[in-house]
Protein chains: 2
Amino acid sequence: MGRYKEFDKEAVLHKAMLVFWKKGYEAASIPDLLEAMDLSRSSLYETFGDKQTLYIEAINWYKKWKQAKRDILVNATSAKSGIRQYFEIHIDSALDGESPKGCLITNAAVGMDSPDEQLNALIRERFDELEKSFYELLRKGQETGEIMPEKDIKTLSYLLSNLNHSINIVAKVKGDRSKMQQMIDMVMELI
Amino acid sequence: MGRYKEFDKEAVLHKAMLVFWKKGYEAASIPDLLEAMDLSRSSLYETFGDKQTLYIEAINWYKKWKQAKRDILVNATSAKSGIRQYFEIHIDSALDGESPKGCLITNAAVGMDSPDEQLNALIRERFDELEKSFYELLRKGQETGEIMPEKDIKTLSYLLSNLNHSINIVAKVKGDRSKMQQMIDMVMELI
DNA sequence: CACATTCTGGAACGACTGTTCCATAAAATT
DNA sequence: AATTTTATGGAACAGTCGTTCCAGAATGTG
């Protein structure tokens with residue numbers, strides 16, 4: 001047997017993800033990625049194939065990485081407090097100065113011209129998952145009597161997922177935490 | 001005197017705008033632009049300077065071009081019906097198959113890495129204008145008694161502008177008109 | 001018609017794009 | 001230690017990027 005890989009694949013994938021996140025697909029050049037990943041050209045191509053494949057893998061990694069945030073919705077006992085908590089963390093991370101602003105998947109959605117089918121599916125899937133998470137939590141809320149049965153929770157979950165998207169956008173140009181929070185407060189009145 | 005320009009500057013600018021809109025700044029190459037504008041390299045550089053400047057001009061042109069839609073908000077007599085009409089048209093144009101999907105300025109906002117100051121200002125300005133238009137209409141509604149005085153119209157206008165943004169996003173990956181409309185209906189309950 | 005001015009097409013530029021290839025270094029097995 | 005397998009670094013690739021430049025065609029004025 002020959003030698004093993006000297007780098008941790010997930011670690012370098014994480015660094016690649018950060019570059020894509022910050023710069024976008026087109027603007028993230030191979031030299032940019034190589035420098036961040038601290039890899040040689042050959043190792044990158046040997047390990048990940050090509051730029052497009054690396055991008056897909058980076059997005060999948062991002063999904064896994066952000067899964068924790070969605071788990072709040074899945075595991076919450078109260079619908080209202082779960083949603084509140086979700087948005088609190090979401091707003092925090094959207095305005096956090098350390099990570100790139102916004103959301104990698106939202107960026108990917110907006111940035112795609114005539115999209116690769118795989119990428120398109122990935123984005124749609126993610127959007128649907130979020131909406132579904134909201135829906136499931138609201139449905140449980142209706143079952144336990146926390147939420148009135150006549151509420152249109154299907155539209156509500158759509159509204160909430162849309163607010164999630166828009167927070168990702170406005171965070172990129174001007175982040176005003178209190179405005180975002182007040183907006184969530186207002187929407188909570190509908191639940 | 002020598003000969004005059006043979007092309008209509010605004011007409012070719014419009015075509016350039018469509019290319020930027022569809023492909024995004026990075027992916028829109030000079031050959032792409034030239035073909036759409038039906039211009040020679042020299043004419044483009046002589047008339048518009050460089051790609052970045054052309055992009056800025058294209059965005060400004062887009063603003064002018066889309067002004068008509070915002071005028072609905074400015075000229076509406078009833079706040080509620082004005083907002084409804086605005087979103088009706090907005091949803092229509094977001095899902096319209098002829099124009100590129102989404103919004104050029106939203107795309108620009110999401111696509112920018114370390115943005116040119118001029119571009120950043122342009123985007124912020126546009127976001128603020130929209131929010132302000134909603135606010136003004138809501139304020140008039142409060143004056144005329146159409147909207148209850150205790151309503152927090154500042155947050156409301158922020159919420160509405162955010163929905164505008166998110167519609168631009170979701171339209172790029174999957175457009176469901178009825179879901180969007182129902183969402184607006186739901187938010188109208190808050191007004 | 002001659003002159004002045006401006007636009008146009010195309011060649012050329014260096015820099016950068018993503019990708020491939022290979023000789024060499026490194027590690028694991030026998 | 002010899003051998004086999006694999007990763008590595010760097011050179012090189014063709015293609016495209018945005019941009020510049022210039023000779024010549026086209027249109028205006030006198």
Side-chain angles (χ1 to χ4, degrees), chain A residues 1-59 107-108 111-119, chain B residues 1-59 107-108 111-119:
Chain A
M1 278 298 184
R3 59 192 279 203
Y4 297 139
K5 277 224 173 64
E6 285 200 345
F7 53 87
D8 178 6
K9 190 180 172 184
E10 295 199 333
V12 298
L13 186 56
H14 184 84
K15 288 179 182 173
M17 178 205 74
L18 290 175
V19 177
F20 280 127
W21 191 1
K22 177 156 187 278
K23 302 200 147 198
Y25 178 74
E26 303 275 358
S29 73
I30 299 286
D32 287 339
L33 292 162
L34 291 179
E35 193 186 347
M37 300 164 87
D38 195 28
L39 239 64
S40 71
R41 280 181 143 71
S42 341
S43 301
L44 187 149
Y45 278 93
E46 206 279 326
T47 314
F48 297 101
D50 62 4
K51 192 187 176 186
Q52 169 80 2
T53 314
L54 175 59
Y55 186 52
I56 300 277
E57 283 214 47
I59 290 182
N107 297 358
M112 72 184 176
D113 163 28
S114 50
D116 169 82
E117 201 45 56
Q118 198 181 350
L119 177 57
Chain B
M1 278 299 181
R3 57 192 282 200
Y4 299 139
K5 276 224 172 65
E6 287 199 345
F7 54 86
D8 177 7
K9 190 180 172 184
E10 293 199 333
V12 297
L13 186 56
H14 184 84
K15 288 178 182 172
M17 178 204 74
L18 290 175
V19 177
F20 280 127
W21 191 2
K22 179 157 186 277
K23 302 198 147 198
Y25 178 74
E26 303 275 358
S29 71
I30 299 286
D32 286 340
L33 292 162
L34 290 179
E35 193 186 348
M37 301 164 86
D38 196 27
L39 239 64
S40 71
R41 280 183 142 71
S42 339
S43 301
L44 187 148
Y45 279 94
E46 208 279 326
T47 313
F48 296 102
D50 61 5
K51 192 188 176 185
Q52 169 82 1
T53 314
L54 175 59
Y55 186 51
I56 299 277
E57 283 215 46
I59 290 183
N107 297 357
M112 70 183 178
D113 165 28
S114 50
D116 169 82
E117 201 46 56
Q118 197 180 352
L119 177 56

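The sequence lines fix the lettering, A, B, ..., with proteins before strands; numbering per chain opens at 1.
- Rounded to the nearest 0.5 Å, atoms NZ (A/K51) and OH (A/Y25) are 5.0 Å apart.
- Taking atom CE of B/M37 as the reference point, atom P of C/dG9 lies 13 Å away to the nearest angstrom.
- Atom pair B/L34:CG and C/dG9:P shows a separation of 10 Å (rounding to whole Å applied).
- Atom-to-atom, NZ of B/K23 to C1' of D/dT16 comes out at 13 Å; the value is rounded to the nearest Å.
- Two residues are said to be in side-chain contact when any heavy atoms from C-beta on lie closer than 4.5 Å; A/M37 and A/L54 meet this criterion.
- Phosphate contact (OP1/OP2 of D/dC17, side-chain N/O of B/S29, threshold under 4.0 Å): present.
- Going from atom CG of A/D32 over to atom C1' of C/dC16 covers 11 Å, rounded to whole Å.
- Counting to the nearest Å, the P atom of D/dG18 and the CD atom of A/E26 are 11 Å from each other.
- For the pair A/K9 (side chain) and A/F48 (backbone), a donor-acceptor distance under 3.5 Å is absent.
- Picking from D/dT8, C/dC7, C/dG18 the nucleotide with the shortest atom distance to the side chain of A/S40 gives D/dT8.
- Distances from the side chain of A/R41 to the nucleotides C/dT8, D/dG18, D/dA11 place D/dA11 closest.
- Put simply, CG on B/L44 is 15 Å from C1' on D/dC21, counting in whole angstrom units.
- The side chain to side chain contact (heavy atoms under 4.5 Å, CB included) test with A/F20 singles out one residue from A/N107, A/L33, A/I59, and that residue is A/L33.
- Across all strands, B/A27 comes closer than 4.0 Å to no nucleic acid atom at all (heavy-atom distances).
- Between the side chain of B/S42 and the base of C/dG10, at least one donor-acceptor pair of N or O atoms lies under 3.5 Å.
- Side-chain proximity of A/P31 to the nucleotides C/dT17, C/dT20, D/dT19 is greatest for C/dT17.
- The main-chain N or O of B/D38 is never found under 3.5 Å from a side-chain atom of B/K15 such that the two would form a donor-acceptor pair.
- B/D38 has its CG atom 8 Å from the P atom of C/dG9, to the nearest Å.
- Rounded to an integer number of Å, the gap from A/E46 CD to C/dC22 C1' is 14 Å.
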